[in-house]
Amino acid sequence: MEKVTARAVGWPVTLLVLLAILAVGTTSVILSHEGAPVATFWPAAGITVALFCFSPHRRWPLLWLLVVGLSVVANAAGGREIPAAVLYGVGNATEAVVAGYVLRQATDRPRLEGQDDFLRLLLASVVGGATAAVFIGAAPLLGWSDGAVLATFGSIVASHGAAVLVLVPVALTFGQERRRGRGAELAVQCAALGLTTLLVFGPEQHLPLTFVPLLFPVWAALRFDVRVVSWQLAFLGLAVSLLSSRESGPFGVPSLLDDIGAQAAGSLTQAYMLVTALLSLPLAIAVQQRAALLRRISADERLFRRNFTESLSGMLFLSSDGDRLRVVDLNHAAVAMLGGRRERLMGCALDEVLRHDELLGVSRRLAEGSLDGWRGQADLGAVTERRHGRVNLALSLLSGGRHPVFSAQLLDVTAEYDARRRLESAEKLTSATLDTTACIILLTDLEGRIVRVNAATTDLTGYAADDLVGRPVWDTPLAATSPADLQALLLWPNRSGAPVVREGDAVASSGERMRIVWNSNVVRDELGFATYVVITGVDVTAERASAGLVTHLMQAAISTALIGIGSDGRITVANTGARQLLGFEEQELVGSPFHRILDHAELLERTSATDADQALALLLAEIQVTGEGGAGDWTWVSRTGRRSIVSMSLSAAEDSSAVNVGFLCVGRDVTEQRHSQELLVTALEKEREAVDRLRALDEAKNEFVSTVSHELRTPVTSIVGYTEMLLDGSIVEPRPEQQSMLGTIARNGQRLIVLCNDLLVLSGLDGGNTRWERETHDLAATVHASEESLKPLLTGRRLEVAFEVVPHPVLVTGDPVQLERVLMNLLSNAVKFTADGGSVSCRLGADRTHAVLEVRDTGIGIPVAEQAGLFTKFFRSSITQKLAIQGTGLGLSIVDAIVKAHDGEIAVASDPGRGTTVTVRLPLAAR
């Protein structure tokens, strides 16, 4: 078949058609029967309608005028009056416009391919003929032509309608397919049609055989296409009309013309052509549509069979066998996919070919008709020869009835299944790698939005995954990259996969600033397209701080000399102290051998080498073995030749993998110290002798104080005891004037006892003879006990005393008795030195490492100049002496000794006239 595409006719073709209209119209008028008001056949109508069908609408007004003019010329040439010719021309042109409009309602390019097209053509012929008849039939009414109005109207409808119905199909079939082949049959058929037409409608042929030519258009409709039928109808219409107009054939018999008239005979001729067209054209269209449908069905069948046999996916045809589906056909792809032989697979049940838990039930439901289709994934069954395989299965009903047929489509997903399993394993491995990598890892999409973080990110920064995922990476406190870096990474063609490395500050969730080295790179798929961006971060805060400290240390103005030595024995770096000591600039030292600054004679003597290079090599080799060497005083030689005694130590420098990277020399100029030490040796010897004598004297003093305290306490205790017996009247009732004297004796005796006790305590503390209890003790209990013990001292006093203790235990390690002594001494001092109306407070708290005990009063205070001697023995401030406040001056000495024995600290803040605050800090017990 070959398809011809119809196009809008151009002006050259239009002019030729217009000339044809003029020629055909003139001929039709000339050949019409003498005295007939109209031509019995008007082929110009069909040609004009075809012209309008294939001309753009914008030409129609001009074409209408041209057709009117040509029709006027044709009718005038045939002998008609000018008014009638004008009316005929307007009718012919208007008929073409109306018929063309009807034909172009469905499309701008009318065709004759279906019954709808034929009905539209029939309607156009009737409406067009009626339109022309309205104008032309008005001529007899106006007296411009002879004949009856109705007869003229009927003749015009028949002649013009037949012309349109017979001639327009020739133009409409140019865009249809042409059937090739059957050329011989077509030639025979055409010859038979022409011969039969001449015989039936020839001269002197008056037999009523008009039905015979009808057989040949029907033959063409059955065996050929619509185009052939259209051309044969056009030929038949022109031949019959021409022969009949010459009084030949059954419609040109003179007797018939005499009986019904020439105009009626012409109408009968055109009716004959209408019937011929109505018989052959619909039949040809139906046969052509049937042939096209058969071709399409055959093509679909071939396509289906080809798709079935040549499909890359496996396909099975299944039939119902009770509750199971059995294979009735399968293509090559299915055989290759299942791995068996075709003969072995044919007739097998589907549940034998494939394994799936639901397959047997699905087969039953499909066979019963309760299920139209099913999709799933199945493994290869026992009858297949492949040991391992997995397929996607789609079951569907192809045809129903008593013997339903089902199709099964198979898609081998073994590779995908295995790849997915490998991908899942790789994903698990990737996840494990990410979660166990001890650095920050951020995974972002191509827009920089975080899609995943590893566990180390949370551990290092404190941010959970929910805090970061979904946010642009540059909008997070980590600031791992910037939009410009991401654009460079993804878009710059010259990067060649090189990562983007940058260093910046990040803020952890705790607010702490971190120094991070970020490394960004792109993850690409197998086609090379970017898919993700991986950003890794290494915390170098400590390294940068260490590097800054080292730089600061090397540039700081310190007197200690620091010199770095490479593994080859040459100086690599020297600090300011070394340069000042030796008088060299840094560029003069760096690169020179280390033995340049040493006294060569001393170096050779100490290493027993023969030259300086060998001596230095031996010295460094010793350090590599022992890790440190060369320690001691060495003589260094400056740039000017000045010799200095330097206390020097050499040590090996190693990296994190214990690989030696060089040596470090630390030296300090001790020239003056060594001279001073020589001068001090004698003095130290003398001082040592003096210290020994003082130590012996101190021991004698302590022994004397202890002995005296013991000897004094016994008689004083007896005196106090007897005095108390005299006062309470157990021996004899004292006189009133005796009570005051006895009270004075008792008070002074008590003062002597307190003095003796304090001296004994100090003696034990100084001599190391005090026995300490080391136990975990709650200071809160000591405070509560001291609160009770303080009450007798407050009898008769007007003081505001407050105790404040934290609600939780404050545990320290120490002697509870001595700790209580500390608190009571401080509280008794506060009460003693605070006048009535004042206040005394005791507060116990704790910080992270120490218990804090604070005693505050609003008493007389201590002058600032005298506060330095508070903890010396027998110290009494000038205010205390002026006010004659009794005391031994040993209380704070005892407190200081006890606190220091407990590894604690004591501090005093006092303002004369405003009060004193004593703070004791003791280490908390280990938990």
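Computed from a predicted model, the values in this text were never measured in an experiment. No hydrogens, no waters, no symmetry mates; every other heavy atom, side chains included, goes into these values.
- Of the possible donor and acceptor atoms, one in the side chain of His902 sits under 3.5 Å from a partner among the backbone N and O of Asp815.
- At a threshold of 4.5 Å between non-hydrogen side-chain atoms, the residues Ile565 and Leu650 count as touching.
- Thr671 is linked by a side chain to side chain donor-acceptor pair (under 3.5 Å) to Asp669, counting only residues two or more places apart in sequence or in another chain.
- Using a distance-only test at 3.5 Å, with no hydrogens or angles considered, no donor-acceptor pair links the side chain of His850 to the main chain of Ala846.
- Across all their heavy atoms, Asn575 and Leu562 have their closest contact at OD1-N, 2.8 Å.
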Practice problem: Please report the C-alpha distance between Ile535 and Trp518 in whole Å, then the side-chain angles of each, then the deciding distance to 0.1 Å, and finally whether the side chain to side chain contact (heavy atoms under 4.5 Å, CB included) criterion is met. | Solution: CA-CA 7 Å; Ile535 305 173; Trp518 299 104; 3.6 Å; yes
Exercise. Might you work through the side chain to side chain contact (heavy atoms under 4.5 Å, CB included) test for Leu853 and Cys842, ending with a clear yes or no?
Key: CA-CA 7 Å; Leu853 183 63; Cys842 177; 4.0 Å; yes
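- Contact record, Thr607 with Leu618: O-CD1, 3.8 Å, taken as the closest heavy-atom pair.
- Side-chain contact check for Val538 versus Ile516: every heavy-atom pair is 4.5 Å or farther apart.
- Shown here for Leu924 and Ala851, the closest heavy-atom pair between the two residues is CD2-N, 3.6 Å.
- Between Asp633 and Val670 there is a side-chain heavy-atom pair separated by less than 4.5 Å.
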Practice problem: Begin from the C-alpha positions of Val646 and Leu581 and carry the test side chain to side chain contact (heavy atoms under 4.5 Å, CB included) through to its verdict. | Solution: CA-CA 10 Å; Val646 177; Leu581 177 61; 3.9 Å; yes
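- Looking at Asn521 and Val533, their side chains never come closer than 4.5 Å, going by heavy atoms from C-beta outward.
- Under 4.0 Å is where a charged nitrogen must lie from a carboxylate oxygen, and between Asp505 and Arg515 at least one such pair does.
- The CG atom of Asn825 sits 9.0 Å away from the NZ atom of Lys832 when rounded to the nearest 0.5 Å.
- Val899 and Val920 get closest at one heavy-atom pair: CG2-CG1, 3.8 Å.
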Practice problem: Check step by step if side chain to side chain contact (heavy atoms under 4.5 Å, CB included) holds for Ile441 and Val453. | Solution: CA-CA 6 Å; Ile441 300 180; Val453 299; over 6 Å; no
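- Between the side chain of Arg570 and the backbone N or O of Gly591 there is at least one donor-acceptor pair closer than 3.5 Å.
- With sequence neighbours left out, Asp896 forms a salt bridge (Lys or Arg N to Asp or Glu O under 4.0 Å) with Lys900.
- Between Leu598 and Thr635 there is no side-chain heavy-atom pair separated by less than 4.5 Å.
- With a 4.5 Å cut-off on side-chain heavy atoms, Val918 and Val895 do not count as touching.
- More than 12 heavy atoms of other residues, nucleotides or ligands shown are found within 6.0 angstrom of CD on Glu775.
- The backbone N or O of Met824 lies less than 3.5 Å from a partner atom in the side chain of Ser828, making a donor-acceptor pair.
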Quiz item: Between His777 and Thr782, does a side-chain hydrogen bond (donor to acceptor under 3.5 Å, both in side chains) hold up when you go through it step by step?
Solution: CA-CA 9 Å; His777 176 65; Thr782 300; 2.5 Å; yes
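- Side chain of Ser509 to main chain of Thr461: a donor-acceptor pair is present (N/O by atom type, distance under 3.5 Å, no hydrogens or angles).
- To the nearest 0.5 angstrom, Phe594 atom CZ is 11.0 Å from Thr572 atom OG1.
- Taking Arg639 as the reference, Glu588 meet the salt bridge (Lys or Arg N to Asp or Glu O under 4.0 Å) condition, with sequence neighbours excluded.
- Look at Arg921 and Asp847 and you find a salt bridge, because one of the NZ, NE, NH1 or NH2 atoms lies within 4.0 Å of a carboxylate O, short of that distance.
- Partners of Asp467 by side chain to side chain donor-acceptor pair (under 3.5 Å), not counting sequence neighbours: none found.
- Ile440 CD1 to Tyr463 OH: the interatomic distance, rounded to the nearest 0.5 Å, is 10.5 Å.
- By the 6.0 Å contact criterion, CD on Glu672 is open, its count of non-hydrogen atoms from other residues, nucleotides or ligands being 12 or less.
- From Trp636, atom CH2 reaches atom OG of Ser644 across 9.5 Å, with rounding to the nearest 0.5 Å.
- Residue pairs meeting the salt bridge (charged side-chain N to carboxylate O under 4.0 Å, His left out) criterion with at least one member in residues 907-916, sequence neighbours excluded: Asp911-Arg914.
- With rounding to the nearest 0.5 angstrom, the NE2 atom of His808 is 10.0 Å from the CG atom of Leu811.
- With Ser638 contributing its side chain and Arg642 its backbone, the two residues share a donor-acceptor pair below 3.5 Å.
- Here Ile906 contributes atom CD1 and Thr919 contributes atom OG1; the two are 8.5 Å apart, rounded to the nearest 0.5 Å.
- Not counting sequence neighbours, the partners of Glu854 by the salt bridge (Lys or Arg N to Asp or Glu O under 4.0 Å) test are Arg856.
- Side chain of Asn519 to main chain of Val534: no donor-acceptor pair is present (N/O by atom type, distance under 3.5 Å, no hydrogens or angles).
- Arg579 places a side-chain N or O within 3.5 Å of a backbone atom of Ala574 that can act as its donor or acceptor partner.
- Of all heavy-atom pairs between Leu779 and Leu844, the closest is C-CD2, 3.6 Å.
- Residues Ile597 and Val637 fail the side-chain proximity criterion, which asks for heavy atoms closer than 4.5 Å.
- Taking the side chain as every heavy atom from C-beta outward, Leu823 and Leu819 never approach each other to under 4.5 Å.
- Taking each heavy atom of Ser910 and Ile862 in turn, the nearest pair found is OG-N, 2.7 Å.
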